[in-house]
Structures are given as C-alpha cells and as structure tokens.
There are 2 protein chains.
Amino acid sequence: MEDYYTPGEIAERFDLTLDTLRYYEKAGLLRRVDRAPSGHRRYRTDDVELLHLIRCLRDTDMPIARLRAFAELVRSGDHTIPERLDVLQEHKNRLDARIAELVERQGAIEHKIDYYLGVLSERAAGTAHTLKDGS
Amino acid sequence: MEDYYTPGEIAERFDLTLDTLRYYEKAGLLRRVDRAPSGHRRYRTDDVELLHLIRCLRDTDMPIARLRAFAELVRSGDHTIPERLDVLQEHKNRLDARIAELVERQGAIEHKIDYYLGVLSERAAGTAHTLKDGS
DNA sequence: ATGGGACCTGGAGTGCGCTCCAGGTCAAGG
DNA sequence: CCTTGACCTGGAGCGCACTCCAGGTCCCAT
C-alpha cells in the first residue's frame, strides 16, 4: 500500500545491479534510503523519480560528482531550482556539442566505408575485366 | 624532404600528448615507428593517415583493443579490406544507436528544463499576483 | 528445523585509458 | 663547454565507475 519498492524491483526497472544502486547511495546520488524492519532497503516513489533523472543524466555521461551535486540541490528544497536549471542547461550544452561531434565523425566513418566499398567494387570490376579479356 | 613528422608536430596536429602517442604505439595501434639517428621518432605520411582514422574511431568510443585489431588488419595488407569493412560497419551501427540514445535523452532533459522553467515562471506569476493584491 | 532466496555490510579488486616520473641522450645555440 | 629543449625508456600511478566477495541476517515454504 505504501508504494515502496524493493531493491530487486528497482534494479530491474532501471537495469542497474544492486551493487550499483548501493554505490549510488554511498556516493550521495540518493538520500539514505528507508529500511524495512529486516534492514532491507525500501525505495519510495520520489526515489524512483530521482533515479529516473539520474539514469538519464548518467546515460548522457554526466560524471558521478556532478550528479551528486545535483542530487544535493534536489534535497535542499525548491529554492534551488534556479541552480538545478543551471546544471541541466550546462549539461544540455555539453550534450548538444557531443552529439554534434559524434554526427560529424559518423559522416567521416561513412565516407571511409564508402571508400573501402569503392576499392572492393573496383577490384571486382578488375576481375571481371580480366575474365572478359579471356584469361 | 622525406615527409617525416616529429612527435611534437603529430601531438599538436591531433591534440594528443606525447605520452598518449607512445601509448598508442605500445598498444599496437601504430606500427613500430621510424627513428631518426638520435633515436627520436619520425612519423610518416601513412602514420598520419592511420592516426587520423584512429582519432576518429577513438573519438566515437571505439575501445583500444578493437582499434588494435583494426590496425593489425591495416598492417596485414589490402586483402583484409573486407574485414576492415566489417569492423567499420559494426562500429557505425553502434555509433548510430548511441547517437539515437543520446538524442532521446536530450529530449528528456529538455523536457525537464522546460518543467523547471514552468515552475519558475509560475512562481514569478504568483509573486506578481501578490503584488497586484496590494501587498 | 532446514533450506533457499533476497538482501545486508565493509572493503578489496577490476578494467580502461591514459598520465606522470626519474633519469638519460642528443643536437643546436651562445 | 654548457645549457636548453625536444625527446627517449621502463615502469609506477591515477581517476573513474563500477563490481565482486566473504560472511552474515531475515523470512518464508517444505
């Protein structure tokens, strides 16, 4: 009823290991998570929401240290929203630049692939020519 | 005249450190580079060309081990072009997928930024209202 | 009561890609 | 002759983000 989630559920949902989940908590990305009487962790809905964002930022290569700083802002209350915006906008700028770089390299790689394909088809044509020549 | 390049020139051209250059050579990304009588490295035009491609692949996160495998194919001669094509096409597939993932997350981050902007402008509107109310 | 499964802890270990360092050589300029 | 600067070597060290492990607890079903 209480909308609590077990470590196993969270791990599956976010495709993280239990170890990583604990590591994130130790690293300060998550607050000290609630516990069942057994000592097992119980994640709340807002942990899930934060994890969602963390996952997204992590997937786009935000380092753990910056993630922790962000998480601290979240914990500090709504008055930190302007700072959080700064962090996100800064991160988005980096991300935009990274995507642009990757797309550029993608073009270069395609070019190289086309070059190799050209070499191969020329070679095939050469073979055909040899055959046509009667050898 | 011989179209040789010094380590310093190469390092600057590719924005790599001398250490990294040597590390790449040890790791098998480059062949055993030529030496001047002094023992200093002298890079040839084809080293430069290979480095160009290596830089491109590295910038798109190809791991050193795969890069080494690719470099070995290059060293083995033209008959390895089909295998090189496989490596490049496989890498391009990963890269395409990675770019797609980043773009998706980019959207999510933009969304979050917009959400925070919304909170802030609502807050500002609330303040305005308070003022209008005569406080 | 016993076995299995999910989870706990603190701390050590791993893989990757560099990066740094001490101590040395060589060539050119003052 | 001496310094300076570019470069050499082998090997140690580093930062990051996990990942693994031993040994333990709790709870539930057989």
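Just so it is clear, the values below take in all heavy atoms, side chains as well, and ignore hydrogens, waters and symmetry mates. Throughout, protein chains are lettered first and strands after them, A, B, ... in sequence-line order, and every chain is numbered starting at 1.
The structure places CZ of A/Phe70 at 11.0 Å from CG of A/Asp86, a figure rounded to the nearest 0.5 Å. In this structure, CZ in B/Arg58 is found 10.5 Å from CZ in B/Arg66, a value given to the nearest 0.5 Å.
Between the CG atom of A/Leu16 and the C1' atom of D/dT19 there is a distance of 13 Å, given to the nearest Å. The CG atom of A/Leu67 sits 13 Å away from the P atom of D/dC16 (whole-angstrom rounding). Between A/Ile10 atom CD1 and C/dA6 atom P there is a gap of 16 Å when expressed in whole angstrom units. The nearest whole Å value for the distance from the OH atom in A/Tyr23 to the P atom in C/dG10 is 16 Å. The distance between atom CD of A/Glu25 and atom P of C/dG10, rounded to the nearest whole Å, is 11 Å. B/Arg55 places its CZ atom 12 Å from the C1' atom of C/dC18, with the value rounded to the nearest Å. Following rounding to the nearest Å, B/Arg35 (CZ) and D/dA6 (P) show an atom-to-atom distance of 18 Å. Atom CZ in A/Arg42 sits roughly 14 Å away from atom P in D/dC26 (whole-Å rounding).
Between the side chains of B/Asp34 and B/Tyr43, no donor N or O sits under 3.5 Å from an acceptor N or O. Residues A/Arg42 and A/Tyr5 bring no donor and acceptor atom of their side chains to less than 3.5 Å of each other.
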Produce the list of close N/O pairs, under 3.5 Å, pairing protein atoms with atoms of nucleotides 20-23 of chain C; give distances to one decimal.
residue, atom, partner, partner atom, Å
C/dC20, N4, B/Asp19, OD1, 3.2

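Counting heavy atoms of neighbouring residues, nucleotides and ligands inside a 6.0 Å radius, atom CD of A/Glu72 exceeds 12 of them.
Comparing B/Ile64 and A/Lys26 by the nucleotide of DNA chain C whose heavy atom lies nearest to each, the residue mapping closer to the 5' end is A/Lys26. Checking A/His40 against A/Thr20, the closest nucleotide of DNA chain D that is more toward the 5' end is the one next to A/Thr20.
One finds a side-chain N or O of B/Tyr24 lying less than 4.0 angstrom from the OP1 or OP2 phosphate oxygen of C/dC18. The side chain of A/Arg41 places no N or O atom within less than 4.0 Å of a non-bridging phosphate oxygen (OP1 or OP2) of C/dA6. A close approach under 4.0 Å does not occur between any side-chain nitrogen or oxygen of B/Thr6 and OP1 or OP2 of D/dA6.
Using modelled atom types, one side-chain atom of B/Arg55 and one backbone atom of B/Asp15 make a donor-acceptor pair closer than 3.5 Å.
Residues B/Ile109 and A/Thr60 are in side-chain contact: their nearest non-hydrogen atoms beyond the backbone lie under 4.5 Å apart.
Counting non-hydrogen atoms under 4.0 angstrom, A/Pro63 reaches the backbone sugars and phosphates but no base.
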